[in-house]
Amino acid sequence: MTRIELLGVPVDVCRPEHLEEEIMRILEKPGTKQIVFLTIWDLLKARNKKKDFGEALRNADLVLPISKSILKGARFLKLEVPVRYNPFNAVIQILNTLDYHYKSLYLLGARKKTVQKAEHNVHDTFRNLRIVGRYVGYFPKTVEDNVVQAIYKASPSLVIVSEGIKEKNLWSYHRRDRFSSSIFLYYRDCIGIFAGRIRRVSEKTFDSGKEIWNEIGHNPLCLFLVFPYIYYKMLLVFYRLFRKNKMGKEAGIYHVDSLEKKASPENTKA
(Lines give C-alpha, C1' and ligand atoms only; values in the text may rest on other atoms or scores of the structure.)
Protein backbone atom coordinates (compact mmCIF):
# COMPACT_ATOMS: atom_id res chain seq x y z
CA MET A 1 0.00 0.00 0.00
CA THR A 2 1.15 3.52 -0.82
CA ARG A 3 0.15 6.71 0.96
CA ILE A 4 0.24 9.95 -1.00
CA GLU A 5 -0.50 13.50 0.09
CA LEU A 6 -3.01 15.47 -1.94
CA LEU A 7 -3.03 19.17 -1.00
CA GLY A 8 -1.32 18.14 2.23
CA VAL A 9 -3.93 15.50 3.09
CA PRO A 10 -3.09 11.75 3.27
CA VAL A 11 -4.79 9.45 0.78
CA ASP A 12 -4.04 5.74 0.52
CA VAL A 13 -3.51 3.91 -2.75
CA CYS A 14 -4.90 0.47 -1.96
CA ARG A 15 -5.96 -1.88 -4.76
CA PRO A 16 -9.14 -3.91 -4.09
CA GLU A 17 -7.19 -7.15 -4.43
CA HIS A 18 -4.94 -6.01 -1.56
CA LEU A 19 -7.71 -4.79 0.74
CA GLU A 20 -8.07 -8.09 2.62
CA GLU A 21 -4.33 -8.14 3.34
CA GLU A 22 -4.48 -4.54 4.58
CA ILE A 23 -7.43 -5.23 6.87
CA MET A 24 -5.63 -8.16 8.47
CA ARG A 25 -2.46 -6.09 8.83
CA ILE A 26 -4.40 -3.33 10.58
CA LEU A 27 -6.10 -5.84 12.87
CA GLU A 28 -2.73 -7.08 14.07
CA LYS A 29 -1.75 -3.62 15.25
CA PRO A 30 -2.37 -2.83 18.93
CA GLY A 31 -4.78 -0.16 20.13
CA THR A 32 -7.63 1.67 18.44
CA LYS A 33 -7.52 1.77 14.64
CA GLN A 34 -9.54 3.71 12.10
CA ILE A 35 -10.60 3.45 8.46
CA VAL A 36 -11.87 6.62 6.80
CA PHE A 37 -13.95 6.98 3.63
CA LEU A 38 -12.65 10.30 2.29
CA THR A 39 -14.84 12.73 0.35
CA ILE A 40 -13.60 15.88 -1.34
CA TRP A 41 -15.35 17.89 1.39
CA ASP A 42 -13.51 15.90 4.07
CA LEU A 43 -10.24 16.54 2.26
CA LEU A 44 -10.81 20.30 2.32
CA LYS A 45 -11.73 20.18 6.02
CA ALA A 46 -8.63 18.14 6.84
CA ARG A 47 -6.27 20.72 5.35
CA ASN A 48 -6.50 22.71 8.57
CA LYS A 49 -3.80 20.96 10.59
CA LYS A 50 -4.85 22.69 13.79
CA LYS A 51 -8.29 21.08 13.73
CA ASP A 52 -9.02 17.62 15.14
CA PHE A 53 -10.25 16.18 11.86
CA GLY A 54 -6.96 16.82 10.09
CA GLU A 55 -5.09 15.17 12.95
CA ALA A 56 -7.48 12.22 12.96
CA LEU A 57 -7.00 11.73 9.24
CA ARG A 58 -3.22 11.77 9.50
CA ASN A 59 -3.42 9.13 12.22
CA ALA A 60 -5.94 6.94 10.39
CA ASP A 61 -4.75 3.48 9.38
CA LEU A 62 -6.51 3.48 6.03
CA VAL A 63 -7.86 6.47 4.07
CA LEU A 64 -9.93 5.37 1.08
CA PRO A 65 -11.16 8.04 -1.37
CA ILE A 66 -14.81 7.85 -2.42
CA SER A 67 -15.00 11.08 -4.48
CA LYS A 68 -14.07 11.06 -8.14
CA SER A 69 -12.62 14.57 -7.80
CA ILE A 70 -9.88 13.23 -5.50
CA LEU A 71 -8.64 10.93 -8.26
CA LYS A 72 -8.75 13.77 -10.79
CA GLY A 73 -6.82 15.97 -8.38
CA ALA A 74 -4.08 13.37 -7.90
CA ARG A 75 -3.81 12.89 -11.65
CA PHE A 76 -3.66 16.66 -12.22
CA LEU A 77 -0.79 16.98 -9.73
CA LYS A 78 0.98 13.99 -11.32
CA LEU A 79 0.77 11.89 -8.17
CA GLU A 80 0.06 8.20 -8.04
CA VAL A 81 -3.68 7.91 -8.66
CA PRO A 82 -5.54 6.06 -5.88
CA VAL A 83 -8.44 3.66 -6.35
CA ARG A 84 -11.89 5.08 -5.73
CA TYR A 85 -14.06 2.93 -3.48
CA ASN A 86 -17.82 2.62 -3.36
CA PRO A 87 -18.28 2.74 0.44
CA PHE A 88 -20.99 0.08 0.53
CA ASN A 89 -19.01 -2.34 -1.64
CA ALA A 90 -15.92 -1.67 0.48
CA VAL A 91 -17.85 -2.49 3.68
CA ILE A 92 -19.08 -5.74 2.13
CA GLN A 93 -15.51 -6.65 1.16
CA ILE A 94 -14.28 -5.86 4.68
CA LEU A 95 -17.08 -7.92 6.26
CA ASN A 96 -16.28 -10.81 3.91
CA THR A 97 -12.69 -10.66 5.14
CA LEU A 98 -13.77 -10.66 8.79
CA ASP A 99 -16.27 -13.44 8.10
CA TYR A 100 -13.61 -15.61 6.47
CA HIS A 101 -11.29 -15.16 9.45
CA TYR A 102 -14.03 -15.66 12.09
CA LYS A 103 -13.75 -12.12 13.46
CA SER A 104 -16.34 -9.99 15.29
CA LEU A 105 -18.49 -6.91 14.67
CA TYR A 106 -20.21 -4.20 16.72
CA LEU A 107 -22.99 -1.99 15.28
CA LEU A 108 -23.31 1.56 16.59
CA GLY A 109 -25.94 3.98 15.33
CA ALA A 110 -29.45 4.35 13.84
CA ARG A 111 -32.76 3.80 15.63
CA LYS A 112 -33.65 0.68 17.60
CA LYS A 113 -35.75 -1.14 14.98
CA THR A 114 -33.27 -0.26 12.24
CA VAL A 115 -30.20 -1.58 14.05
CA GLN A 116 -32.07 -4.72 15.12
CA LYS A 117 -33.09 -5.43 11.53
CA ALA A 118 -29.56 -4.69 10.32
CA GLU A 119 -28.10 -7.10 12.88
CA HIS A 120 -30.48 -9.83 11.74
CA ASN A 121 -29.62 -9.33 8.06
CA VAL A 122 -25.87 -9.19 8.66
CA HIS A 123 -26.05 -12.36 10.75
CA ASP A 124 -27.92 -14.17 7.97
CA THR A 125 -25.40 -13.08 5.34
CA PHE A 126 -22.11 -13.51 7.23
CA ARG A 127 -22.50 -16.74 9.18
CA ASN A 128 -18.98 -16.84 10.62
CA LEU A 129 -18.99 -13.21 11.73
CA ARG A 130 -19.81 -12.82 15.42
CA ILE A 131 -21.92 -9.77 16.22
CA VAL A 132 -20.80 -9.04 19.77
CA GLY A 133 -22.99 -6.02 20.43
CA ARG A 134 -25.06 -3.13 19.14
CA TYR A 135 -26.21 0.23 20.44
CA VAL A 136 -28.54 2.79 18.94
CA GLY A 137 -27.50 6.25 17.84
CA TYR A 138 -28.91 9.56 19.03
CA PHE A 139 -28.15 8.50 22.61
CA PRO A 140 -27.91 11.14 25.36
CA LYS A 141 -24.53 12.21 26.70
CA THR A 142 -25.37 10.63 30.05
CA VAL A 143 -25.13 7.08 28.66
CA GLU A 144 -22.00 7.57 26.58
CA ASP A 145 -19.72 6.06 29.20
CA ASN A 146 -21.86 2.91 29.13
CA VAL A 147 -21.55 2.72 25.34
CA VAL A 148 -17.77 3.12 25.46
CA GLN A 149 -17.47 0.53 28.21
CA ALA A 150 -19.64 -1.93 26.30
CA ILE A 151 -17.43 -1.64 23.21
CA TYR A 152 -14.30 -1.93 25.34
CA LYS A 153 -15.52 -5.14 26.98
CA ALA A 154 -16.75 -6.67 23.71
CA SER A 155 -13.43 -5.81 22.00
CA PRO A 156 -14.82 -6.31 18.47
CA SER A 157 -12.61 -6.57 15.41
CA LEU A 158 -14.68 -3.87 13.71
CA VAL A 159 -17.10 -1.21 14.91
CA ILE A 160 -19.36 0.24 12.22
CA VAL A 161 -20.41 3.75 13.25
CA SER A 162 -23.51 4.99 11.47
CA GLU A 163 -26.21 7.68 11.62
CA GLY A 164 -27.02 9.24 14.98
CA ILE A 165 -23.39 9.72 16.05
CA LYS A 166 -22.82 13.47 15.88
CA GLU A 167 -19.02 13.41 15.86
CA LYS A 168 -18.91 10.97 12.94
CA ASN A 169 -15.26 10.02 12.24
CA LEU A 170 -14.13 11.96 15.29
CA TRP A 171 -16.20 9.95 17.76
CA SER A 172 -13.74 7.07 17.98
CA TYR A 173 -10.72 9.33 17.57
CA HIS A 174 -11.62 11.46 20.58
CA ARG A 175 -12.08 8.30 22.68
CA ARG A 176 -9.24 6.25 21.20
CA ASP A 177 -7.54 5.77 24.58
CA ARG A 178 -10.68 4.19 26.04
CA PHE A 179 -10.94 1.20 23.71
CA SER A 180 -8.87 -1.97 23.59
CA SER A 181 -8.12 -3.07 20.04
CA SER A 182 -10.80 -2.41 17.43
CA ILE A 183 -11.09 -0.88 13.96
CA PHE A 184 -13.63 1.93 13.75
CA LEU A 185 -15.32 2.80 10.46
CA TYR A 186 -17.84 5.61 10.05
CA TYR A 187 -20.36 5.24 7.22
CA ARG A 188 -23.54 7.22 7.82
CA ASP A 189 -25.99 5.11 5.78
CA CYS A 190 -24.48 1.69 6.47
CA ILE A 191 -26.87 0.36 9.13
CA GLY A 192 -29.87 1.85 7.34
CA ILE A 193 -28.87 0.10 4.10
CA PHE A 194 -28.36 -3.20 5.91
CA ALA A 195 -31.83 -2.84 7.40
CA GLY A 196 -33.39 -2.07 4.02
CA ARG A 197 -34.55 1.36 5.20
CA ILE A 198 -32.15 3.36 3.04
CA ARG A 199 -31.61 2.74 -0.66
CA ARG A 200 -27.96 2.83 -1.57
CA VAL A 201 -26.64 4.78 -4.54
CA SER A 202 -26.77 2.72 -7.73
CA GLU A 203 -23.52 1.47 -9.25
CA LYS A 204 -24.19 3.45 -12.42
CA THR A 205 -24.70 6.71 -10.53
CA PHE A 206 -21.63 6.15 -8.36
CA ASP A 207 -19.37 5.17 -11.25
CA SER A 208 -20.35 8.32 -13.11
CA GLY A 209 -19.57 10.45 -10.04
CA LYS A 210 -23.09 11.87 -9.87
CA GLU A 211 -23.97 10.71 -6.36
CA ILE A 212 -23.97 14.35 -5.24
CA TRP A 213 -27.35 14.76 -6.95
CA ASN A 214 -28.82 12.23 -4.54
CA GLU A 215 -27.56 14.39 -1.68
CA ILE A 216 -29.04 17.51 -3.26
CA GLY A 217 -32.36 15.69 -3.66
CA HIS A 218 -32.42 15.04 0.10
CA ASN A 219 -30.99 18.42 1.06
CA PRO A 220 -31.15 21.30 -1.48
CA LEU A 221 -28.63 23.25 0.61
CA CYS A 222 -25.97 20.93 -0.80
CA LEU A 223 -26.10 23.11 -3.91
CA PHE A 224 -23.88 25.54 -2.03
CA LEU A 225 -21.10 22.92 -2.12
CA VAL A 226 -20.28 24.34 -5.53
CA PHE A 227 -18.28 27.08 -3.76
CA PRO A 228 -15.87 24.77 -1.87
CA TYR A 229 -15.60 22.73 -5.08
CA ILE A 230 -14.41 25.82 -6.97
CA TYR A 231 -11.97 26.47 -4.12
CA TYR A 232 -10.67 22.90 -4.48
CA LYS A 233 -10.04 23.45 -8.20
CA MET A 234 -8.20 26.69 -7.46
CA LEU A 235 -6.01 24.93 -4.90
CA LEU A 236 -5.08 22.27 -7.45
CA VAL A 237 -4.03 24.92 -9.95
CA PHE A 238 -2.04 26.75 -7.27
CA TYR A 239 -0.22 23.56 -6.26
CA ARG A 240 0.47 22.70 -9.88
CA LEU A 241 1.96 26.11 -10.63
CA PHE A 242 3.72 27.08 -7.42
CA ARG A 243 4.30 23.96 -5.34
CA LYS A 244 6.75 21.20 -6.14
CA ASN A 245 5.24 17.75 -5.83
CA LYS A 246 8.36 15.77 -5.09
CA MET A 247 8.11 12.03 -5.26
CA GLY A 248 9.26 9.98 -2.29
CA LYS A 249 9.12 10.53 1.44
CA GLU A 250 9.48 14.29 1.20
CA ALA A 251 6.12 14.44 -0.61
CA GLY A 252 4.52 12.24 1.98
CA ILE A 253 4.57 9.04 -0.09
CA TYR A 254 5.13 5.96 1.99
CA HIS A 255 5.27 2.31 1.06
CA VAL A 256 4.02 0.20 3.95
CA ASP A 257 5.92 -2.94 2.94
CA SER A 258 9.24 -1.07 2.76
CA LEU A 259 8.66 0.50 6.18
CA GLU A 260 7.98 -2.92 7.69
CA LYS A 261 11.11 -4.28 6.04
CA LYS A 262 13.20 -1.51 7.59
CA ALA A 263 11.78 -2.36 11.00
CA SER A 264 12.62 -6.05 10.71
CA PRO A 265 15.12 -7.55 13.25
CA GLU A 266 17.72 -8.27 10.55
CA ASN A 267 17.81 -4.69 9.35
CA THR A 268 17.80 -3.38 12.91
CA LYS A 269 20.78 -5.57 13.74
CA ALA A 270 22.62 -4.37 10.65
Side-chain angles (χ1 to χ4, degrees), residues 1-29 33-43 46 56-103 105 125-126 128-129 157-158 160 169 182-187 189-190 193 200-211 236 245-264:
M1 188 185 75
T2 306
R3 173 163 287 190
I4 65 171
E5 284 198 0
L6 178 62
L7 305 182
V9 176
V11 182
D12 288 323
V13 183
C14 180
R15 308 297 169 189
E17 60 270 23
H18 298 149
L19 184 58
E20 177 178 356
E21 179 184 349
E22 284 302 316
I23 296 302
M24 297 310 297
R25 180 186 67 82
I26 294 171
L27 275 173
E28 291 175 359
K29 296 172 62 177
K33 284 85 67 171
Q34 189 168 17
I35 298 174
V36 176
F37 289 142
L38 186 70
T39 67
I40 179 179
W41 323 117
D42 291 333
L43 185 145
L57 207 59
R58 281 182 285 277
N59 284 279
D61 298 272
L62 192 58
V63 181
L64 301 177
I66 62 174
S67 292
K68 208 167 189 177
S69 297
I70 293 178
L71 277 62
K72 291 180 179 179
R75 190 177 292 111
F76 182 74
L77 294 181
K78 299 181 180 180
L79 298 171
E80 184 174 354
V81 180
V83 175
R84 180 182 179 226
Y85 279 82
N86 181 318
F88 181 77
N89 293 344
V91 167
I92 295 300
Q93 190 174 350
I94 292 170
L95 292 182
N96 275 324
T97 297
L98 299 180
D99 182 66
Y100 181 79
H101 293 277
Y102 294 87
K103 299 299 182 179
L105 173 69
T125 305
F126 304 96
N128 298 323
L129 183 64
S157 305
L158 174 69
I160 290 180
N169 280 299
S182 301
I183 299 175
F184 285 80
L185 170 61
Y186 173 77
Y187 176 22
D189 295 336
C190 189
I193 293 174
R200 67 189 183 95
V201 176
S202 69
E203 296 287 343
K204 183 178 180 180
T205 300
F206 183 83
D207 290 343
S208 63
K210 297 178 179 177
E211 67 275 11
L236 289 175
N245 293 289
K246 299 178 181 180
M247 298 300 291
K249 293 180 181 178
E250 292 181 3
I253 300 179
Y254 309 97
H255 295 274
V256 172
D257 53 352
S258 64
L259 290 176
E260 290 177 347
K261 186 176 180 181
K262 286 183 179 181
S264 65

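Given the structure is predicted, the values throughout are model-derived calculations rather than measurements.
Of the candidates Lys33, Gln34, Lys29, Lys29 is the only one forming a side chain to side chain donor-acceptor pair (under 3.5 Å) with Asp61. For the side-chain contact (heavy atoms from CB on, under 4.5 Å) with Leu6, the qualifying choice from Leu71, Leu38, Leu43 is Leu43, the only one to do so. When each of Asp12, Ile4, Val63 is paired with Pro82, the side-chain contact (heavy atoms from CB on, under 4.5 Å) condition holds for Ile4 and for no other.
The two residues Ile40 and Ser67 make their nearest non-hydrogen contact at N-OG, 3.0 Å. Taking all atoms of both residues into account, the shortest heavy-atom contact from Arg3 to Ala60 is NH2-O, 3.1 Å. Contact detail for Gly8 and Arg58: the closest heavy-atom pair is O-NH1, 4.4 Å. Residue Ser157 comes nearest to Leu27 through the heavy atom pair O-CD2, 3.6 Å, listed as atom of the first residue, atom of the second, then distance. Nearest approach of Thr97 to Met24, heavy atoms of both residues: CG2-SD, 3.9 Å. In plain terms, the two heavy atoms of Pro87 and Phe206 that are nearest each other are CD-CE1, 3.9 Å.
With rounding to the nearest 0.5 Å, the separation of CH2 in Trp41 from OG in Ser69 is 7.0 Å. To the nearest 0.5 Å, atom CZ of residue Arg200 and atom CG of residue Asn86 are 6.5 Å apart. Atom CG of Asn169 and atom CG of Leu185 lie 8.0 Å apart (nearest 0.5 Å). Taking CG of Asn128 as the reference point, atom NE2 of His101 lies at 11.5 Å (rounded to 0.5 Å). For the atom pair CD1 (Ile183) and CG (Leu98), the distance works out to 7.0 Å, reported to the nearest 0.5 Å. Atom CZ of residue Arg84 and atom NZ of residue Lys68 lie 6.0 Å apart, to the nearest 0.5 angstrom.
Side-chain contact check for Val201 versus Asp189: every heavy-atom pair is 4.5 Å or farther apart. Contact of the Leu95 side chain with the Leu158 side chain is registered, since non-hydrogen atoms from C-beta on lie closer than 4.5 Å.
With hydrogens and angles disregarded, no donor-acceptor distance shorter than 3.5 Å links the side chain of Glu80 to the backbone of Thr2. In terms of modelled atom types and a separation under 3.5 Å, the side chain of Thr39 and the main chain of Asp42 share a donor-acceptor contact.
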For Phe126 and Asn96, what are the C-alpha separation, side-chain angles and deciding distance, and is it a side-chain contact (heavy atoms from CB on, under 4.5 Å)?
-> CA-CA 7 Å; Phe126 304 96; Asn96 275 324; 3.2 Å; yes
Stepwise side-chain contact (heavy atoms from CB on, under 4.5 Å) check, Ile23 with Ile35 = CA-CA 9 Å; Ile23 296 302; Ile35 298 174; 3.6 Å; yes
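In this structure, Glu28 does not pair ionically with Arg25, as no charged nitrogen and carboxylate oxygen lie closer than 4.0 Å.
Side chain to side chain, Glu203 and Asn89 meet the donor-acceptor criterion of an N or O pair below 3.5 Å.
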